[in-house]
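Shown next, in structure tokens, is the structure this report addresses.
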Amino acid sequence: MSMINNLRAAVRPHRRRPGDDAYDSIHPGQSPSAVVDCAVYQDGKRHGETCSPREAARRVKAAKQLQGTPGSFSWIGLHEPTEAEFEGIAQRFGLHPLAVEDAVHAHQRPKVERYDDVLFAVFKTIRYVEHDQLTPTSEVVDTGELMVFAGQDFVITVRHGGHSSLQELRRRMEQDVDGADGTALLAKGPSAVLHAIADHVVDNYLEVASRLQSDVDEIEFDVFANKGGKGTDVGRVYQLKREVLEFKRAVTPLLRPMQQLSEPLQRLVDPDIQKYFRDVADHLARVTEQVHGFDELLNSLLQANLAQVSVAQNEDMRKITAWAAIFAVPTMITGVYGMNFDYMPELHHKYGYPMVLLGVATICVGMYRGFRRNGWL
């Protein structure tokens, strides 16, 4: 709450404070500063070298005054900033305190929200974890978070987690000096960066879903493989289902926001970029269908595995019951002959003892063959 109170002035004219310099430093690769990269882009090209957020804001303002038309913006990339590191940047660019709190503390649901003239997007990043064999404790997917503030003349990205770096994406966009229509994609402004990030995240979803398919196929084969009807280790199926559920939570809430960004009434997105958001939404819909299919299939595999275990237990009980019935015959007959009565069948007959044993053996063999014929043994 302290940070929200401190950021109430975000909608008021900014006044420089003595401590602002602490939030503006950038020392790539050698400092604990949260700012990974910060640059200004004019007409689709990077203008000047890496600079501080304050310098980037100054350059964009100067370019607008010089050119008279909006044609430049700044792109600031941060990795796991603290409240103190992000507070100065948030005030300088007028970010809403609620969005800032979400960006700093992470663990947010995927969404796209609008705060005045700023779009705030939350993406769940997914990385497939390599493993030799799926076990009941295997980690299959690793998640992180990526927040994007897209204003009229700035883009601020906040990344949480050790994967899904945007450095390669930024480099590719900077090298794309001639787009399909002869214009660099970065010349379309912050909405082009937002699209590129969304497309990058969804492409990772497609790759992870493709590799996750192999794990699901492996579990399916193990469940229905001939293993004496004992089924597979239910812990493996349940663990994979938990990982798929984590994947599902990342992709499902994002589908509707991506569709909204492609709608004509979305004035904060360049009209030429909206059609690209439709493509992202289509890819995301395909991933969502795949993940839902994985979840339903794993539910079926869990039920099938439990059914196999139940059938195996029933078969074991039938075998036990059949053998108990076979052994009940000699137990009953020998019990009768052990009662010490004077008048017993064949008691004084010369071949009475062998005849009784032969009768017991005949009955037991007959019962055994009957059980075998009926599939009980």
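Count residues from 1 along the sequence.
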Regarding [X] and [Y], is there a side-chain donor-to-acceptor distance under 3.5 Å anywhere?
X: Glu113; Y: Tyr115; result: yes
X: Gln213; Y: Asp217; result: yes
X: Arg171; Y: Gln167; result: no
X: Arg46; Y: Thr50; result: yes

In Å and rounded to the nearest 0.5 Å, what is the [atom1] to [atom2] distance from [X] to [Y]?
X: Lys241; Y: Ile219; atom1: NZ; atom2: CD1; value: 13.0 Å
X: His195; Y: Arg278; atom1: NE2; atom2: CZ; value: 11.0 Å
X: Leu78; Y: His160; atom1: CG; atom2: NE2; value: 9.0 Å
X: Asp199; Y: Asn204; atom1: CG; atom2: CG; value: 10.0 Å
X: Phe123; Y: Leu194; atom1: CZ; atom2: CG; value: 5.5 Å
X: His200; Y: Thr125; atom1: NE2; atom2: OG1; value: 8.5 Å

Donor-acceptor contact present, side-chain [X] to main-chain [Y], <3.5 Å:
X: Ser262; Y: Gln259; answer: yes
X: Glu220; Y: Glu218; answer: no
X: His131; Y: Val129; answer: yes
X: Gln290; Y: Ala209; answer: no
X: Ser210; Y: Leu206; answer: no
X: His47; Y: Arg59; answer: no
X: Arg236; Y: Tyr238; answer: no
X: Gln91; Y: Gly88; answer: no

Tell me the closest heavy-atom pair linking [X] and [Y], and the distance in Å.
X: Ala281; Y: Leu255; answer: O-CD1, 3.6 Å
X: Val104; Y: Pro81; answer: CG1-O, 3.9 Å
X: Pro53; Y: Ile76; answer: CB-CD1, 3.8 Å
X: Ala90; Y: Val100; answer: CB-CG2, 3.6 Å
X: Ala192; Y: Met173; answer: O-CE, 4.0 Å
X: Ala56; Y: Cys38; answer: CB-SG, 3.6 Å

#### Entry: Salt-bridge present (Arg249, Glu246; N to O < 4.0 Å)
no

#### Entry: Check ion pair Lys124-Glu145 (N to O, under 4.0 angstrom)
yes

Above 12 or not: heavy atoms from other molecules or residues under 6.0 Å from [atom1] of [X]?
X: Glu49; atom1: CD; value: no
X: Arg109; atom1: CZ; value: no
X: Lys61; atom1: NZ; value: no
X: Arg256; atom1: CZ; value: yes

### Message
Over 60° means perpendicular and under 30° means parallel, so tell me whether Phe86 and Phe149 are parallel, tilted or perpendicular.
### Response
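Geometry flag for Phe149 against Phe86: tilted rings.
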
### Query
Checking side-chain hydrogen bond (donor to acceptor under 3.5 Å, both in side chains) for the pair Asp270/Tyr276: CA distance, chi angles, key distance, verdict?
CA-CA 10 Å; Asp270 189 285; Tyr276 293 102; over 6 Å; no

